[in-house]
Amino acid sequence: MEHVSIARVALAAATYAIDRPYDYQIPQELEGRAAPGVRVIVPFGAGNRRTEGLILALTDETRLEKKIKAVLTVLDDAPVLGVDGIKLALWVRDRFFCTVYDAARAMLPAGLWFSIQDSYRVAESVDRERSYDAAGRSDHARRILDLIWAAGGSAELGQIRAALGTKDPNPALRQLTEQGILVLETSASRGVGDKTEQVAALALPAEEALALVTPKRKTAPLRYAVVELLCGLGSAASKEICYFTGASPATLRALAKSGILTLEKREVFRRVSAGEVEPAAPPVLNQEQQTAFLHLDALARAEKPAVALLYGVTGSGKTQVYISLIRAALDRGESAMVLVPEIALTPQLLRIFSAHFGENIAVLHSSLRAGERYDEWKRVRSGRARVVLGTRSAVFAPLKDLGLIILDEEQEASYKSENTPRYHARDVAKYRCARNGGLLVLGSATPSIETMYLAKSGVYHMVTLSRRYNEHALPHVFVTDMKEALRSGNGTSISARLHRELASNLERGEQSILFLNRRGASRMVSCGECGAVPTCPRCSVHLTYHSANGRLMCHHCGHSERLPDHCPECGGALNFIGVGTQKVQEELESLFPGVEVLRMDTDTISASQSHEALLSRFEKEKIPILVGTQMVAKGLDFENVTLVGVIAADLALYVDSFRAAERTFSLLTQVVGRAGRGGKTGRAVIQTYTPDNDVIRYAASQDYDSFFEQEIDLRRLMEYPPFRDLFVLTASGLNEASVLRACQQLRRSLEQWIAAWPSPENRPRLLGPAPAAVAKVNHRYRYRLTLMCQNTKEVRGLLAQMLRAANSDKENRGVSIFADVNPYD
DNA sequence: AGCACGCCGACT
DNA sequence: GTCGGCGTGCTC
């Protein structure tokens with residue numbers, strides 16, 4: 001009897017609605033190379049278009065005897081995912097409603113991916129005449145042959161498509177292929193995914209270039225603006241040129257075509273390097289740290305998996321405990337992982353870890369070049385690196401014998417992926433530890449409400465560090481009422497108190513940091529007469545003003561337009577609303593003439609100066625005042641900073657999210673903790689319009705426990721996490737009515753299911769359809785349903801089934817629907 | 001999603 | 001007659 005090997009394959013071309021293992025026959029010559037975890041190229045669908053696939057398992061029987069296609073190519077010599085990796089991918093699919101391939105994409109480094117190119121070649125020993133005979137009267141076939149012969153006997157599918165315009169080349173291609181005239185060749189080339197940017201440079205001397213565009217200055221103002229900008233800079237990234245001039249990439253291409261400038265790709269290179277570091281001795285722990293370490297290490301040694309919250313106030317030295325735990329894990333022959341919210345903001349952490357673990361550490365994060373990331377991944381996979389330091393996606397690093405995962409600042413939103421697969425690194429880490437009998441340590445000074453609840457109720461272990469390192473006193477915190485300031489005629493964003501404290505810092509030669517959160521940092525424009533606010537033509541948001549280029553911009557789709565001189569509606573004068581870092585900077589400069597004020601936000605950070613460079617200037621040159629957004633709040637310790645100010649503390653509270661309070665508390669606590677890390681006692685000024693708000697009061701007194709008690713009651717009452725999980729189903733599409741209809745249809749199905757619930761206890765709740773926080777992005781309307789219930793296998797199965805049904809329902813054509821579990825926005 | 005198949009109207 | 005528009009159903 002003939003033996004046939006079958007591969008169960010997960011396909012890249014499969015959408016969520018049709019994602020399942022597909023069976024392919026393994027041809028004799030590929031036997032042996034086709035193994036689980038290996039990627040292959042297979043034909044798929046009626047047109048047999050080539051797609052990448054991942055072998056999940058091998059078997060020798062198939063459920064369908066009839067039509068089974070064969071694997072065309074094996075792409076890898078060794079599996080890119082082990083058995084555990086495949087299991088993890090399947091788990092991610094089940095938990096986060098994505099395809100297996102989506103999961104695999106998140107797990108593997110970009111440098112490993114192939115780009116698949118289909119091209120048609122004239123078959124051996126077929127000459128021109130015979131090929132045109134075969135084309136017969138088909139105009140399409142003749143045009144395709146024209147193209148292929150002109151290109152030297154072979155052409156890419158993309159070119160063929162482009163040559164036929166809107167016409168479908170497939171029937172003609174099939175005709176020619178069936179007659180043996182053309183052959184389809186599929187090539188897979190590696191090396192995709194490197195971050196590149198386009199750089200434009202003047203191709204002519206500045207005067208010549210300018211002379212060429214000046215005559216048409218009136219009719220082609222953008223061309224002129226681009227050349228003028230480049231005359232000053234010589235060369236610049238295309239993205240930046242477009243940002244500053246408002247020109248489109250098409251304008252740049254046109255200029256390149258007329259020989260005025262050149263465009264080329266350049267790799268973006270932003271490696272965060274530890275540089276040369278001296279090897280460090282094991283950290284010496286103080287009494288409290290030692291107790292924490294012993295407790296956690298005992299958990300790590302135990303056979304059973306465990307999760308522990310390391311609840312340590314800012315400055316209590318969590319890092320030393322982490323390092324001791326990792327050393328202990330390595331000594332036991334286990335590997336370890338440390339996840340941080342954002343590596344670029346914590347270069348000092350990288351240095352510390354390099355000093356302790358040297359070559360044993362691999363760094364994985366998104367701003368590495370694809371090649372470097374791939375190299376680091378290979379070091380992990382081969383076992384040469386046993387410690388991984390990285391951001392969210394590093395949670396998938398292929399460490400063997402993983403005994404310890406540390407998730408630092410576990411409450412941070414950056415651990416939740418906003419794109420498919422919409423996973424949370426904490427959940428993935430928990431899963432990996434559970435499978436390996438490892439320990440997951442969640443570190444934080446302001447834990448998420450969910451984590452603290454589970455720690456208090458004994459599901460997680462709790463380990464506390466309550467003493468600040470070197471016994472520094474907490475900063476003095478002043479809460480100032482901005483309503484009061486407004487009433488007393490202070491129209492600026494700097495209260496009298498903050499003014500006084502800044503002045504005294506200037507006198508003493510100490511530095512200050514002022515902080516504006518993101519919402520406060522954007523400035524809008526409104527008409528003083530009719531009140532109109534310029535809105536994005538593609539999205540349902542107001543445009544914000546960017547001082548760097550003097551333009552109005554949309555943060556969702558990238559639309560930008562010149563700031564109009566007058567209101568486009570009524571011709572009235574336009575006013576700026578919102579605070580903005582630039583406005584604060586201006587106010588400070590007029591309050592303290594001659595004092596240098598450094599500003600740090602997305603406007604000031606560009607290719608020319610990274611925020612690291614800006615911060616090191618702040619530190620080295622002892623610039624008196626730094627004004628910035630979110631990015632100044634993180635992980636920065638400056639000896640000489642003794643005053644921090646929060647310009648508008650309540651802005652983060654008025655976001656439509658049940659996490660708004662938690663996030664505001666955490667942010668304010670972090671910011672306040674920035675003051676006085678050195679020998680001197682710090683001060684913090686929190687400016688707010690709602691000084692009596694509990695979140696602000698508790699943050700001011702650094703009283704996490706009271707904040708938690710209040711918030712957990714609220715969560716219980718509202719049935720929010722940790723008491724229920726939220727499943728948010730979002731439908732999006734160009735046609736608002738069909739998006740809404742899809743939601744209502746889903747709602748009806750869910751209502752039926754809920755109605756059959758056995759008891760009123762724990763009965764799921766359903767909210768919506770409601771427009772998403774930003775109801776329209778890039779002309780696509782977005783509506784969402786929220787299902788609040790326990791995250792069980794049954795619920796996930798049901799939702800998966802409904803999503804598949806809704807996405808393949810022809811009623812819902814043009815609408816796509818996806819699920820997000822416990823989203824952060 | 002992407003492709004083929006099949007059924008209808010417009011035009012050589 | 002046939003080319004090409006779009007609705008319908010399937011993908012190992």
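Order of the sequence lines sets the chain letters (A, B, ...), proteins ahead of strands, with each chain counted from 1.
- To the nearest angstrom, P of C/dC3 lies 10 Å from CG of A/Asp139.
- Checked options A/Leu798, A/Leu799, A/Leu726; the residue passing with A/Leu787 is A/Leu799 (criterion: side chain to side chain contact (heavy atoms under 4.5 Å, CB included)).
- Under a cutoff of 6.0 Å and an axis angle of 45°, A/Arg435 and A/Trp91 do not form a cation-pi pair.
- Look at CG on A/Leu173: it is 13 Å from C1' on B/dC3, rounded to the nearest Å.
- Checking C/dG9, C/dC12, C/dT11 against the side-chain heavy atoms of A/Lys810 singles out C/dG9 as nearest.
- Here A/Lys69 does not reach the OP1 or OP2 of C/dT11: none of its side-chain N or O atoms lies under 4.0 Å away.
- Stacking of A/Lys378 on the aromatic ring of A/Tyr374 is recorded, both the 6.0 Å distance cut-off and the 45° axial limit being met.
- For A/Thr15, whose side chain is taken as the heavy atoms from C-beta onward, the closest listed nucleotide among B/dA1, C/dG7, C/dT11 is B/dA1.
- Within 6.0 Å of the CD atom in A/Glu751, the count of heavy atoms belonging to other residues, nucleotides or ligands exceeds 12.
- Residue A/Phe44 places its side chain closer to C/dT11 than to any other of C/dG4, C/dG7, C/dT11.
- In this model, the phosphate group of B/dC3 is approached by a side-chain N or O of A/Arg161 to a distance below 4.0 Å at OP1 or OP2.
- Across the protein-nucleic acid pair, A/Arg20 atom CZ and C/dC10 atom P stand 11 Å apart, rounded to whole Å.
- Across the protein-nucleic acid pair, A/Gln25 atom CD and C/dC12 atom P stand 13 Å apart, rounded to whole Å.
- Here B/dA1 presents its C1' atom at 18 Å from CZ of A/Arg50, a figure rounded to the nearest Å.
- Between A/Ile68 atom CD1 and C/dT11 atom C1' there is a gap of 14 Å when expressed in whole angstrom units.
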Notebook entry, point to check: In B/S/- notation, 5' to 3', how is nucleotides 4-12 of chain B contacted by protein heavy atoms closer than 4.0 Å?
Noted result: SS-------
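- Residue-level contact check: A/Arg804 touches neither bases nor backbone, having no heavy atom under 4.0 Å from any strand.
- Expressed to the nearest 0.5 Å, how far CZ of A/Arg538 lies from CG of A/Asn778 amounts to 5.5 Å.
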Acceptor/donor pairs from residues 118-126 of chain A side chains to any protein atom, 3.5 angstrom cut, sequence neighbours excluded:
unit_1, atom_1, unit_2, atom_2, d
A/Asp118, OD1, A/Thr186, OG1, 3.1
A/Arg121, NE, A/Glu185, OE2, 2.8
A/Arg121, NH2, A/Glu185, OE2, 3.4

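- If you measure from atom CG of A/Asn807 to atom P of C/dG9, you get 18 Å, rounded to the nearest angstrom.
- When A/Lys416, A/Arg95, A/Arg784 are each tested for a salt bridge (charged side-chain N to carboxylate O under 4.0 Å, His left out) with A/Asp820, only one passes: A/Lys416.
- One atom, CG of A/Leu54, and another, C1' of C/dC12, lie 16 Å apart when rounded to the nearest Å.
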